[in-house]
Peer 1: 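Have a look at the structure that comes next, please.
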Amino acid sequence: MILYSLPWLNSRKRIILAYLIEVTAFIFVYFITYKIRFDQFPSFSIYQIFLLHFWILISYVLGRYSNEIHKRKNYLIYFIKTFVVLLSTTSFFLSIMWLFGVQDLSFLFRSFLFPLLYFYSILSFFIQIFISYFAEVKTNTKNKFIFFGSEKISKQIESEIKISNIDLEIKNSRSFEELLKKNFKQCHGILFEDEKLINKYATKIGDRLYSNDFLILNLFRWCEIYLQRFPTKLISFSNVIFYDFKVKKTSINLRIKRVSDVLISLILIFLTCPFVLIACLIIKIEDNGPILYKQIRNGYKGKEFNIYKLRTMKVDSEKNGPQWSKRFDARVTNIGKFLRISRLDELPQLLNVLSGEMSLIGPRPERPEFDIKLKEEIIFYNQRYEVKPGLSGWAQVNYPYGASIEDSANKLSYDLFYIKNISIWLDLLIFFKTIKLILNAKGSKPNQN
């Protein structure tokens, strides 16, 4: 049950299992291959550890650890992905070894490195397919819930499930008599709309529930575990007050977060500086306009601050006032399209991170002009400013680019989840998911045309 206290981790048991098995399989193949080739047991070095984790990172980016492998029977596509990972890992590792001047590189590759990665690829291919099959069989009943509540909330729950794009089935029960007729063995738990009803009815059917490993959840807890967000139409003021959606300034997580922000920002500035300089040059050449674009945003506790971006829109694109972005926005320049997809336009905000106005991970800061309207339309909207805004966030890696009040409400549900579950480990997950989105060129365009 410890994973249920970390809902974002609970839903990623498949990836955790894949990681542990990949490490175990690599060590096994590495020892066998080395023993056969050199007739002695090997010792691990930074090269082998780096090689393994580069393999795992590329596999994660390409989606090799997804249960969709077995569900869609796309074994050919999965084989191609495995081959791409093999090719990428081999090429990258050879480049690193050549860069550090490893002697007899050609011999080492032919006699050891290639056989190692070749056999490991085959083993990894079949292992991940087996895990996907096992995970699907294991979760046949994990995605089914009985809901005890009103028709209105039941429909809202179904709507939120579609937004989250998760595989969950809800069976509605409007009366206790109807609830008792349900086959509990085919479901994972009961979801109560009214928390008070849990104490009233749960004890009467306790024997049936506990014998089948049932979960008895209220709406708030169910949203946290399965949606991994808090839709404002499904939570109440009492939830927000009781669970205290605020982060203490003395939290050790915040101290670690601040140190990480500074160190990682300095590294990113150093690594991306050449790309930013090239982008600046192209921006200037395209229309001879300004390179940087300054905007006022609302930050921590609603305090305004300036952020800077590489300009991606035409000069005077907002002469008629602030506007939501659109999917095919005619205001975006040619270089701007690439900068938005690659997220290079956001890199100047690393200076905001260094100054302490922003964090690497947190809710995206909104413009004051839009905030006024959003506060009027969306309940609990101000809660998102209980933490520093970020370059990326839980909403950014789980929901498309927002460009409407409805999108802002949906993104707020993710921001609320982040504030409730903030930790350095959740930040790390968001960081890797951000890399995956950037490399797959996703999440940079609005839904609206």
Side-chain angles (χ1 to χ4, degrees), residues 3 8-33 47-96 113-140 142-143 164-167 228 341-343 392 394 396-398 400 425-426 428-444:
L3 286 178
W8 53 270
L9 187 60
N10 177 58
S11 64
R12 288 165 180 82
K13 289 183 287 188
R14 164 71 174 90
I15 295 177
I16 296 172
L17 180 62
Y19 173 80
L20 294 176
I21 291 181
E22 288 274 48
V23 171
T24 304
F26 182 84
I27 293 174
F28 173 76
V29 175
Y30 179 78
F31 266 72
I32 296 298
T33 308
Y47 290 110
Q48 285 79 41
I49 295 173
F50 189 74
L51 173 69
L52 170 61
H53 284 84
F54 185 82
W55 171 284
I56 292 173
L57 177 61
I58 298 299
S59 295
Y60 170 72
V61 169
L62 292 180
R64 285 188 67 244
Y65 302 145
S66 169
N67 286 334
E68 297 300 312
I69 299 169
H70 180 73
K71 284 182 180 179
R72 300 184 179 182
K73 304 294 188 295
N74 289 334
Y75 300 126
L76 177 59
I77 294 177
Y78 185 69
F79 177 80
I80 295 173
K81 286 184 177 181
T82 304
F83 178 76
V84 171
V85 174
L86 170 63
L87 188 63
S88 302
T89 304
T90 304
S91 302
F92 187 76
F93 191 64
L94 285 174
S95 300
I96 293 295
L113 184 59
F114 179 76
L116 165 67
L117 290 175
Y118 176 78
F119 288 115
Y120 178 63
S121 299
I122 297 174
L123 183 61
S124 177
F125 173 78
F126 286 106
I127 285 177
Q128 294 306 325
I129 289 178
F130 174 77
I131 294 176
S132 295
Y133 170 77
F134 178 77
E136 184 181 13
V137 172
K138 193 73 175 177
T139 57
N140 273 341
K142 297 292 184 181
N143 62 348
S164 293
N165 193 28
I166 53 178
D167 184 18
Q228 293 183 22
I341 292 174
S342 63
R343 310 295 176 91
S392 184
W394 190 241
Q396 280 62 47
V397 298
N398 286 289
W425 301 111
L426 180 55
L428 191 62
L429 172 63
I430 295 171
F431 182 77
F432 283 117
K433 284 179 72 69
T434 302
I435 294 174
K436 182 178 180 180
L437 280 178
I438 292 173
L439 295 180
N440 284 285
K442 292 181 179 180
S444 60

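One is the number of the first residue; the rest follow in order along the sequence.
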Peer 1: Starting at CZ of Phe50, measure out to CG of Leu57 and round the result to the nearest 0.5 Å.
Peer 2: 9.0 Å
Peer 1: Is a side-chain donor or acceptor of Tyr118 paired with a backbone partner of Leu86 at a separation under 3.5 angstrom?
Peer 2: no
Peer 1: Just how far is it from atom CG of Leu428 to atom NZ of Lys433, taken to the nearest 0.5 Å?
Peer 2: 12.5 Å
Peer 1: So do the side chains of Arg343 and Gln396 get within less than 4.5 Å of each other, counting heavy atoms only?
Peer 2: no
Peer 1: Does the ring centre of Phe26 sit less than 6.0 Å away from the ring centre of Trp55?
Peer 2: no
Peer 1: Does the side chain of Gln128 pick up a donor-acceptor pair with the side chain of Tyr78 at under 3.5 Å?
Peer 2: no
Peer 1: Would you say that Thr82 contacts Ser124 through its side chain, given a criterion of any heavy-atom pair below 4.5 Å between the two side chains?
Peer 2: no
Peer 1: Less than 4.5 Å apart, any side-chain heavy atom of Phe125 and any of Ile122?
Peer 2: no
Peer 1: Determine, step by step, whether Tyr65 and Ile56 satisfy the side-chain contact (heavy atoms from CB on, under 4.5 Å) criterion, reporting the C-alpha distance in whole Å, the side-chain angles of both residues, the deciding distance to 0.1 Å, and the verdict.
Peer 2: CA-CA 9 Å; Tyr65 302 145; Ile56 292 173; 3.8 Å; yes
Peer 1: Quick one: does any side-chain atom of Trp394 pair with a main-chain N or O of Gln228 as donor and acceptor, under 3.5 Å?
Peer 2: yes
Peer 1: Step through it carefully: locate the ring centre of Phe54, locate the ring centre of Phe92, and say whether they are under 6.0 Å apart.
Peer 2: yes
Peer 1: What's the verdict on side-chain contact (heavy atoms from CB on, under 4.5 Å) for Ile27 and Leu52, showing C-alpha distance, side-chain angles and the deciding distance?
Peer 2: CA-CA 9 Å; Ile27 293 174; Leu52 170 61; 5.7 Å; no
Peer 1: Within this structure, what is the CD1-CG distance for the pair Ile77 and Leu62, rounded to the nearest 0.5 Å?
Peer 2: 12.5 Å
Peer 1: Locate the shortest heavy-atom distance separating Ile438 from Ser342; write the atom from each residue and the value.
Peer 2: CG2-O, 3.7 Å
Peer 1: Roughly how far, to the nearest 0.5 Å, is the CD1 atom of Ile430 from the CG atom of Leu437?
Peer 2: 11.5 Å
Peer 1: Determine the interplanar angle of the His53 and Tyr19 rings, folded into 0 to 90°, and report it as parallel if under 30°, tilted if 30 to 60°, perpendicular if over 60°.
Peer 2: tilted
Peer 1: For a 4.5 angstrom cut-off between non-hydrogen side-chain atoms, does Val397 reach Leu429?
Peer 2: no
Peer 1: Could you tell me the separation between the CG atom of Leu87 and the CG atom of Leu117, rounded to the nearest 0.5 Å?
Peer 2: 11.0 Å
Peer 1: For a side-chain contact (heavy atoms from CB on, under 4.5 Å) check, start with the C-alpha distance between Thr24 and Phe28, then their side-chain angles and the critical distance, and finish with the verdict.
Peer 2: CA-CA 6 Å; Thr24 304; Phe28 173 76; 5.7 Å; no
